[in-house]
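Below: one structure, written as structure tokens.
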Amino acid sequence: MSKPIDPSSIIKPGGVIGILGGGQLARMLAMAAAQIGLKTHIFCPDAHCPASDVCSVMTNALYTEEAALKRFAETVDVVTYEFENVPVGAVSLLTDYGALVRPGARALEKAQDRLQEKDFLNAIGAATAAYHGVDDLQSLEAGLEKVGRPAILKTRRLGYDGKGQTTLTDNDLDLPGAYDKAIQFAWDEVGAAPSILEGFVPFKCEISIIGARSADGDIRLYDPTENVHHRGILKTSIAPAAIAGATAQQAAAIATSILNALDYIGVIGVEFFVLSNGDLIVNEFAPRVHNSGHWTSDACTVSQFEQHIRAVAGWPLGDAARHSDAVMENLIGEEANTWKLLAAEPGACLHLYGKREARPGRKMGHVTRVTEKT
Ligand code: AMP
């Protein structure tokens, strides 16, 4: 549904997009912005962050530094972010200083707290795993009664790539003393922090959909992608996902409801579990460009990165059509050392993030292998 845009919120070529965070997502957003004549100002505590190589302006400061946030708000035309754990305090300060923040605080609030996120999803009719809020050992026990075993205990806040999570299986829990020990262990594993207990979803595969909503309410969706994780980190994304048409339609309908319910502006990534009957359970959504959408840079008319920049700049959205099939593989840690081989491989599009040190588990780059559309 189209709604009128305030002309003063349209950023013209030459305008400046402020980005909170300077990782690889900010780097790819900055490159996409440059392609359509927009500049980027990165706000990041790390002077050597991946986006520092490719942005127009950089502020190195903590997200709590009020004076730096004020200067940033005054010098950019719109503010967006590349990670969902940006402190809500920084976003409210930026708004107080007059900055236009897209996507808005509502999406950020829901995505930062797994309990609020699940409540929101259920309220709009999107199915999630069974869940229970956990604040102490008693509520953890009550949660286990409710969701059954196996179950996954996750911190409500600041979890990513499987961090801040632990699984409670049903192995040996009925032996004397084992139950108490297991729940104490799980509670210690999440640092006794406010958490959520989720029932284990026996999924057939995991998919995600990347969607975008413009300031005037136009929505564009990319084809769903099948995702394979290794040790909690995304390893491979396959586009298109080999799922039934009805499942793809369900994913599109759920993503559309989320975007509209949040009055969202920008790109969102929604992750799902696919059940054996083809039905979908939402795992989570990320209010930003998403690793499982990296393939769009090489296999779609307009990438998720340009789409996000267009949306937050108040521009019309671009064509999300997929012109090729694609398999994206993350290059984690030392895997990026194969860059020379990958650079020589026909059909492979290599992306390296310019990170100085290849620590284990660190995303250093990705390669997208593009083939003819099926
Ligand atoms: P998350 O950090 O919530 O995205 O979880 C990371 C990965 O753990 C997911 O991509 C799944 O592979 C797995 N996982 C998370 N929650 C569940 C669940 N409730 N049931 C089954 N697997 C899960």
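Atoms within a ligand are numbered from 1 in the order they appear, just like the ligands themselves.
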Notebook entry, point to check: Between Asn283 and ligand 1, which part of the residue brings a heavy atom under 4.0 Å of the ligand: side chain, backbone, both or neither?
Noted result: side chain
Notebook entry, point to check: Applying a 4.0 Å heavy-atom criterion (strictly less than), which segment of Ile152 is in contact with ligand 1: side chain, backbone, both, or neither?
Noted result: side chain
Checklist line | Close approach of Pro202 to ligand 1, heavy atoms, under 4.0 angstrom | finding: no
Check: Has ligand 1 got any nitrogen or oxygen that is less than 3.5 angstrom from a nitrogen or oxygen of Phe200?
Finding: no
Checklist line | Glu284 neighbourhood, listing ligand 1 atoms whose heavy-atom distance to it stays under 4.0 Å | finding: 1 (P), 3 (O), 4 (O)
Next item on the list: Using the six-membered ring wherever Trp is involved, compare the ring planes of Phe203 and Phe273 and label them parallel, tilted or perpendicular (cut-offs 30° and 60°).
Entry: parallel
Notebook entry, point to check: Any idea which of Arg114, Glu206, Gln165 brings a heavy atom closest to atom 12 (O) of ligand 1?
Noted result: Glu206
Item checked: His290 vs Val270 side-chain heavy atoms within contact, under 4.5 Å -> no
Next item on the list: Flag the pair Lys110 and Asp119 as a salt bridge only when some basic side-chain nitrogen lies within less than 4.0 angstrom of an acidic carboxylate oxygen.
Entry: no
Notebook entry, point to check: Below 4.0 angstrom, N of the basic side chain to O of the carboxylate: do Arg310 and Glu306 qualify?
Noted result: yes
Next item on the list: Could you say whether the N/O atoms of Gly199 and ligand 1 ever approach to under 3.5 Å?
Entry: yes
Check: Do NZ/NE/NH1/NH2 and the carboxylate oxygens of Glu335 and Lys235 come within less than 4.0 Å?
Finding: yes
Check: Under 4.0 Å between a Lys/Arg side-chain N and an Asp/Glu carboxylate O for Arg369 and Glu329?
Finding: yes
Next item on the list: Please identify which atoms of ligand 1 are closer than 4.0 Å to at least one heavy atom of Glu198.
Entry: 16 (N), 18 (C), 19 (N)
